[in-house]
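Below: the structure, in structure tokens.
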Amino acid sequence: MKTLQELTRPNIWKLKPYSSARDEYKGVEASVFLDANENPYNGPHNRYPDPMQWEVKNTLARIKKVDPRQIFLGNGSDEAIDLVFRAFCQPGQDNVVAIDPTYGMYQVCADINDVEYRKVQLNENFQFTADKLLAATDMHTKLIFLCTPNNPTGNDLSRQEIEKVLNSFDGLVVVDEAYNDFSEAPSLLADLDRYPNLIVLQTFSKAWGCAAIRLGMAFASTDIISIFSKIKYPYNVNQLTQKQALEMLHRHYEIDRWVKILKEERGYLESEFAHLPCTVHIFPSDANFFLVRVTDAMKIYNYLVGEGIIVRNRHTVSLCGNCLRVTVGTRVENDKLLDALRHYQDS
Ligand code: PMP
């Protein structure tokens, strides 16, 4: 791996970060706070939140079995995706490599940051090889994006190939594990200390059932996390979000129950879809959604909208012609979808 200084944009490496009032006084003994130009009325919402979210990070660190200093928390994992570009990619000069198809925000963030985005197409089983991916890199490639289970294909990427990339690539490897809770594959978090070039993304939006609070996690070496902390907005995770996250972390056993039910429902949907006349092929899934090739994605999508049921039409995505992406819902919701599709007629 190149040194972190070589991988970081020079202006970011030498950046002196903004220092907020809450950064400067970290004690708990004081009782009179006249340092941050806050309003003394309307507690508790009058006070700025902890800019480094230590209570959330300390609790999360125990659950995830990492050092709290290896955690970055952001406004969704989308914030972390944007930060990796801003920290490491020189606009107009550097590039990144990603599998294709995959989660759309990697390319959007690359485009916003004027960074070349190189796509390497998955094979017909939606798998990749490290060799093909690495062949697309050059001396200006700073990041490789892998998403496992992958969105929109739903499958886990080969662990062996992921590790090959981690061992061979001299830049940083972002592994997006937004849907890992629904997979049998172990998270790469356990290997964080083995790979100094690894950044693992996870989110509260899926298994944790908290898409509304906007809380994403990035796990990496303490050095990489320090760079994110330096360039993030000072109070990037608001107090209401931190409070709700702590509450969720204290009842994390419930997440296991939801995940178990959703995996069972995924199996139910897949087996029922197999009997539908409009189904052409169901792609195996390790996530809380699955991709299904149908007779006519556009027509079926529009028909379902008419029935008040919204799925995602992925017809225009590469390798996903005539595919719909179906999120697993409750049994009642899933039965409504199945019922509607049983009544659908190709015309
Ligand atoms: N990564 C993947 C693979 C996703 O599918 C999504 C959301 N659909 C995200 C990240 C973004 O999650 P968040 O809500 O944490 O921004």
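This structure is a prediction, so every number in the text was calculated from the model and none was measured. Computation of the quantities below employed the complete heavy-atom set of this structure, encompassing side-chain atoms and omitting hydrogens, waters and symmetry-equivalent molecules. Each ligand, and each atom within it, is numbered from 1 in the order the structure gives.
Judged by the 6.0 Å and 45° rule, R331 forms a cation-pi pair with Y268.
For ligand 1, the atoms sitting less than 4.0 Å from at least one non-hydrogen atom of C147 are 3 (C), numbered in the order shown with element in parentheses. Below 4.0 Å from some heavy atom of Y179 lie the following atoms of ligand 1, by number and element: 3 (C), 4 (C), 5 (O), 8 (N). Near S205, meaning under 4.0 Å from one of its heavy atoms, ligand 1 places the atoms 13 (P), 14 (O), 15 (O).
Contacts with ligand 1 closer than 4.0 Å are made by side-chain heavy atoms of K206 only, the backbone lying farther away. Residue-level proximity to ligand 1 for A178 is carried by the side chain, the only part with a heavy atom below 4.0 angstrom. With a 4.0 Å cut-off on non-hydrogen atoms, D78 touches ligand 1 through its backbone as well as its side chain.
Between F145 and Y117, the distance separating the two ring centers is not shorter than 6.0 angstrom.
Protein heavy atom at the shortest distance from atom 16 (O) of ligand 1 is R214 NH2, 2.8 Å. Atom 1 (N) of ligand 1 has as its closest protein heavy atom D176 OD2, 2.6 Å.
For ligand 1, the polar-atom distance check against T203 finds a nitrogen or oxygen pair separated by under 3.5 Å.
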Dump the intermediate steps for side chain to side chain contact (heavy atoms under 4.5 Å, CB included) on Y103 and D176, then the final yes or no. CA-CA 9 Å; Y103 179 46; D176 189 339; 4.2 Å; yes

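Of the candidates V96, T141, L7, D114, V96 is the only one forming a side-chain contact (heavy atoms from CB on, under 4.5 Å) with C89.
No side-chain heavy atom of D111 sits under 4.5 Å from any side-chain heavy atom of F85.
The distance from the CG atom of L143 to the CD1 atom of I81 is 11.5 Å, given to the nearest 0.5 Å.
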